[in-house]
Amino acid sequence: MQYWLMKSEPDVYGWSHLNAEKNATDHWDGVRNYAARNHMRAMKEGDLCFFYHSRVNPPHIAGIVKVVREAYVDPTQFDPEQKYYDPKSSKDNPRWDMVDIRAERELSSPVTIAEIKEIPALKDMVLLNNSRLSVQPVTKEEWDVIVALRP
DNA sequence: GCCAACGTTGGC
DNA sequence: GCCAACGTTGGC
């Protein structure tokens, strides 16, 4: 079991879009950063991810999602009409992948970045040290500390 | 809205 | 292959 954190701007796609109450599955498409893509490629079915809301005040972890399908080709890279179109990608040699996720549970209240910063055991989180990486690994120790905040 | 940090692009 | 210029992200 591996743990991750994925970021999203709630105005664009937030926790509410996951339709947790319908147990819906969605594609995590549009990732256009190689480091983030490589993390997605390392994801295994059943892995858990914190679902983080960025560019809001305050930024926070809203919930937990589960990986329900491992990395496969993100079709939005081939469509010139799409925001995520990549003219340098091709169907013979696709650059970008996506995974499928499903809401696991919403946190009883958000865990804000300020709260994370106050906890010494979380000081090495990628979230605090490479704030631009949109898909990032979380250690089991970090995962357990945060989950214990909102059991 | 500002701006620092980071990733990517492209000229050389 | 270097690195300046540029675009984007994201906390504040």
Side-chain angles (χ1 to χ4, degrees), chain A residues 2-20 26-43 47-67 69-150:
Chain A
Q2 305 170 98
Y3 302 98
W4 310 93
L5 181 147
M6 50 178 44
K7 292 195 282 198
S8 181
E9 298 179 36
D11 294 346
V12 179
Y13 189 106
W15 179 264
S16 61
H17 296 91
L18 287 168
N19 282 319
D26 211 346
H27 315 297
W28 202 248
D29 61 13
V31 171
R32 295 292 180 270
N33 170 284
Y34 288 107
R37 181 204 68 183
N38 292 342
H39 289 312
M40 282 206 303
R41 287 183 173 176
M43 289 180 175
D47 284 357
L48 296 173
C49 315
F50 288 129
F51 194 89
Y52 180 84
H53 285 164
S54 64
R55 276 181 163 269
V56 285
N57 190 15
H60 60 272
I61 297 169
I64 294 170
V65 299
K66 179 183 277 185
V67 177
R69 181 173 173 185
E70 294 172 15
Y72 62 110
V73 173
D74 174 353
T76 64
Q77 68 196 298
F78 305 126
D79 180 358
E81 303 297 313
Q82 287 258 2
K83 178 185 174 189
Y84 296 119
Y85 176 58
D86 181 353
K88 294 183 176 172
S89 189
S90 69
K91 292 193 176 179
D92 292 339
N93 189 18
R95 286 187 169 188
W96 307 113
D97 283 359
M98 61 185 185
V99 295
D100 287 357
I101 57 171
R102 179 186 300 144
E104 180 78 0
R105 73 174 173 96
E106 188 171 12
L107 298 188
S108 54
S109 65
V111 173
T112 67
I113 194 169
E115 188 172 357
I116 290 169
K117 283 181 172 177
E118 285 170 3
I119 299 173
L122 302 179
K123 69 174 171 45
D124 292 329
M125 279 192 77
V126 177
L127 183 68
L128 302 182
N129 297 291
N130 183 0
S131 65
R132 296 193 44 179
L133 186 58
S134 63
V135 179
Q136 51 186 255
V138 172
T139 68
K140 174 160 175 48
E141 291 73 25
E142 292 161 351
W143 182 271
D144 289 344
V145 167
I146 292 171
V147 167
L149 298 170
R150 305 289 190 279

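As the structure is a computational prediction, the values presented were derived from the model and not from experiment. Chain letters run A, B, ... following the sequence lines, proteins first, then strands; residues in each count from 1.
When ring centroids are compared, A/Trp143 and A/Phe50 come within the 6.0 Å threshold. Between A/Trp96 and A/Tyr85, the gap from one ring centroid to the other reaches at least 6.0 Å.
A/Asp74 pairs in a side-chain hydrogen bond (donor to acceptor under 3.5 Å, both in side chains) with only one of the listed residues (A/Arg32, A/Gln82, A/His27), which is A/Arg32. Checking A/His60, A/Met6, A/Gln136, A/Lys7 one by one against A/Tyr52, the side chain to side chain contact (heavy atoms under 4.5 Å, CB included) holds for a single residue, A/Lys7.
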All N/O pairs under 3.5 Å across the protein-nucleotides 4-8 of chain C interface:
| residue | atom | partner | partner atom | Å |
| --- | --- | --- | --- | --- |
| C/dT8 | O2 | A/Arg132 | NH1 | 3.0 |
| C/dT8 | O2 | A/Arg132 | NH2 | 2.9 |

Give me the distances for all protein-to-nucleotides 9-12 of chain B N/O pairs that come in under 3.5 Å?
none

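Remark: the A/Trp28 side chain and the A/Asp100 side chain contain no N/O donor-acceptor pair separated by less than 3.5 Å.
A/Asp97 and A/Arg41 are joined by a salt bridge, as a carboxylate oxygen and a charged side-chain nitrogen come within less than 4.0 angstrom of each other. Of the charged side-chain nitrogens involved, at least one lies within less than 4.0 Å of a carboxylate oxygen, so that A/Glu115 and A/Arg150 count as a salt-bridged pair.
Relative to the ring axis of A/Tyr3, A/Lys140 does not place its NZ or CZ within 45° and under 6.0 Å from the centre.
Counting any heavy atom pair closer than 4.0 Å across all strands shown, A/Asn57 reaches no nucleic acid atom.
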